[in-house]
Amino acid sequence: MSGHGPATPMTSHKSGPLTGVAEVPGDKSISHRALILGALSVGETKITGLLEGQDVLDTAKAMQAFGATVTQHGPGAWSVQGVGVGGFAEPANVIDCGNSGTGVRLIMGAMATSDIAATFTGDASLNKRPMGRVTDPLALFGARAYGRRGGRLPLTLIGAAEPVPVEYRLPMPSAQVKSAVLLAGLNAPGQTVVIEQEPTRDHTERMLRGFGADISVEDGPEGRIITLTGQPELRGQSVSVPRDPSSAAFPVCAALLVPGSELFVPGVSQNPTRNGIFLTLQEMGADLVLENPREEGGEPVADLRVRFSALKGIDVPPERAASMIDEYPILSALAATAEGKTVMRGVKELRVKESDRIDAMARGLEACGVRVEETEDTFTVHGMAEVPGGATVRSHLDHRIAMSFLCLGMASTRPITVDDATPIATSFPVFEPLMTGLGARLTQGS
Ligand code: S3P
């Protein structure tokens with residue numbers, strides 16, 4: 001929903017040890033895909049553990065607008081009655097994807113090879129983000145996009161009446177672009193091929209296979225080659241959504257910030273295309289143990305046990321960026337208390353997220369008394385014994401910026417206020433009760 005209500009500030013105060021069990025919500029990426037693939041299938045898809053964040057609720061609403069029936073049965077328990085590949089109906093109204101880049105980009109892909117038109121919009125953050133990265137490859141299938149300057153939303157996409165399959169080499173590491181191309185390839189005859197130089201999250205590939213598509217993945221000298229055979233009949237499935245590693249990163253890093261903390265975080269996805277943050281924390285010296293590794297719903301998961309640790313700054317290599325792209329804001333907050341400097345390389349994609357995350361973290365950390373350096377593609381945070389805090393920072397309609405500074409405030413000398421905490425509801429609607437239940441001191445207002 002782009003109807004963003006009034007800004008609500010939230011303040012984080014120095015906290016005693018965080019202890020207990022942190023049951024974080026379902027994975028956002030998998031939740032979007034479960035709804036979209038359910039809508040593109042024949043029969044019923046049953047989903048448990050769905051993230052009921054605003055981003056995913058907006059995708060659920062969009063799937064209804066394209067003709068699927070989406071029903072909530074209980075907390076996290078949803079079903080989708082699909083219309084099948086090529087069965088999307090033309091929506092009667094504008095599709096509002098709110099804050100969600102994943103929602104809009106995947107849905108554009110899913111409709112681009114049907115003979116229908118749809119107009120997409122979002123909130124002030126989403127309407128600034130680049131869409132050409134998706135509409136360019138969708139044009140190769142025969143779809144036409146009419147957006148604002150720079151291909152920005154609001155944008156009308158006219159699906160290809162007679163789509164052709166596509167071979168596409170990703171110009172940037174982006175699972176959203178990869179997924180848009182694969183979802184478009186579903187309704188094109190023949191084989192659609194996507195080549196990615198660096199592996200990005202592979203939930204679309206795993207789930208397409210689970211829903212019955214013919215899809216192969218090969219590793220070659222030019223990267224990963226993904227080949228999808230178009231026009232399969234996808235069949236409704238049961239999807240159990242694992243807990244989101246990107247959300248788990250917040251309580252895990254908060255425990256590493258606040259002396260004396262010890263947390264147990266059960267059932268967190270350990271998909272190798274998503275677990276870069278946990279490797280990084282271990283390299284920094286975190287007492288973070290992965291227990292009971294297992295497979296659930298086609299994804300590797302584990303329980304995490306984390307204890308407060310004195311950390312040292314490290315150099316995070318560029319080849320790890322895609323596997324922890326959403327975790328750099330909270331890592332930057334944590335790095336502010338590590339010994340020495342933490343250098344994050346190959347991170348320019350952060351500049352086109354819900355906000356320019358390098359700029360948002362840099363300005364907020366400086367306001368809190370932390371020294372940082374940035375280039376277009378690199379972010380460096382100089383650690384200190386204790387962060388002074390005592391500042392109000394801007395969240396820029398970005399949930400991860402808001403949560404990162406609230407976690408930092410749990411360990412800073414003076415409180416940290418974020419000017420607007422409402423974006424947190426997009427991905428982690430229970431952040432405040434969950435963190436206060438563990439011992440954090442979060443108050444409404446500044
Ligand atoms: C996502 C992919 C990533 C990530 C986003 C979710 C997805 O974006 O930042 O939060 O579900 O495919 P990019 O693929 O654009 O890097």
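Predicted model only: the values in this text are computed from it and were never measured. Start at 1 and go down the list; that is how both ligands and their atoms are numbered.
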Record the part of R201 in heavy-atom contact with ligand 1 below 4.0 Å; permitted values are side chain, backbone, both and neither.
side chain
Within reach of ligand 1, part of R33 (heavy-atom separation under 4.0 Å)
side chain
Look at [atom] and find which of [options] reaches it with the closest heavy atom.
atom: atom 6 (C) of ligand 1; options: D27, T102, L170, V352; value: T102
atom: atom 16 (O) of ligand 1; options: K353, E349, H32, R129; value: K353
atom: atom 1 (C) of ligand 1; options: H399, Q176, M172; value: Q176

Within the structure, does [X] bring an N/O atom to less than 3.5 angstrom of an N/O atom in ligand 1?
X: S179; value: no
X: R105; value: no
X: V177; value: no
X: K28; value: no

Give a yes-or-no answer on whether the side chains of R243 and S269 include a donor-acceptor pair shorter than 3.5 Å.
no
Please check if any side-chain donor atom of S427 sits under 3.5 Å from a side-chain acceptor atom of H399, or the reverse.
yes
Heavy-atom contacts with D326 under 4.0 Å: which atoms of ligand 1 show up? List them by number with element.
4 (C), 5 (C), 9 (O), 10 (O)
Which ligand 1 atoms, with their elements, are less than 4.0 angstrom from a heavy-atom of I325?
9 (O)
Would you find more than 12 non-hydrogen atoms of other residues, nucleotides or ligands less than 6.0 Å from Q197 atom CD?
no
Flag yes if more than 12 heavy atoms outside R394 fall under 6.0 Å of its CZ atom; otherwise flag no.
no
Should E327 and R400 count as an ion pair when the cut-off is N to O under 4.0 Å?
no
So which heavy atom in the protein is nearest [atom], and how far is it from that ligand atom?
atom: atom 11 (O) of ligand 1; result: S29 OG, 2.7 Å
atom: atom 15 (O) of ligand 1; result: S174 OG, 3.1 Å
atom: atom 14 (O) of ligand 1; result: A175 N, 2.7 Å

Run the ring-ring contact (aromatic ring centres under 6.0 Å, His included) test against Y168 and tell me which residues pass, sequence neighbours left out.
none
So CD of Q282 and CG of L311: to nearest 0.5 Å the spacing works out to 11.5 Å
Look only at the side chain of R148 and the backbone of N127, and say whether a donor-acceptor pair between them is shorter than 3.5 Å.
yes
Evaluate the side-chain proximity of M435 to L18: yes if any heavy-atom separation is below 4.5 Å, no if none is.
yes
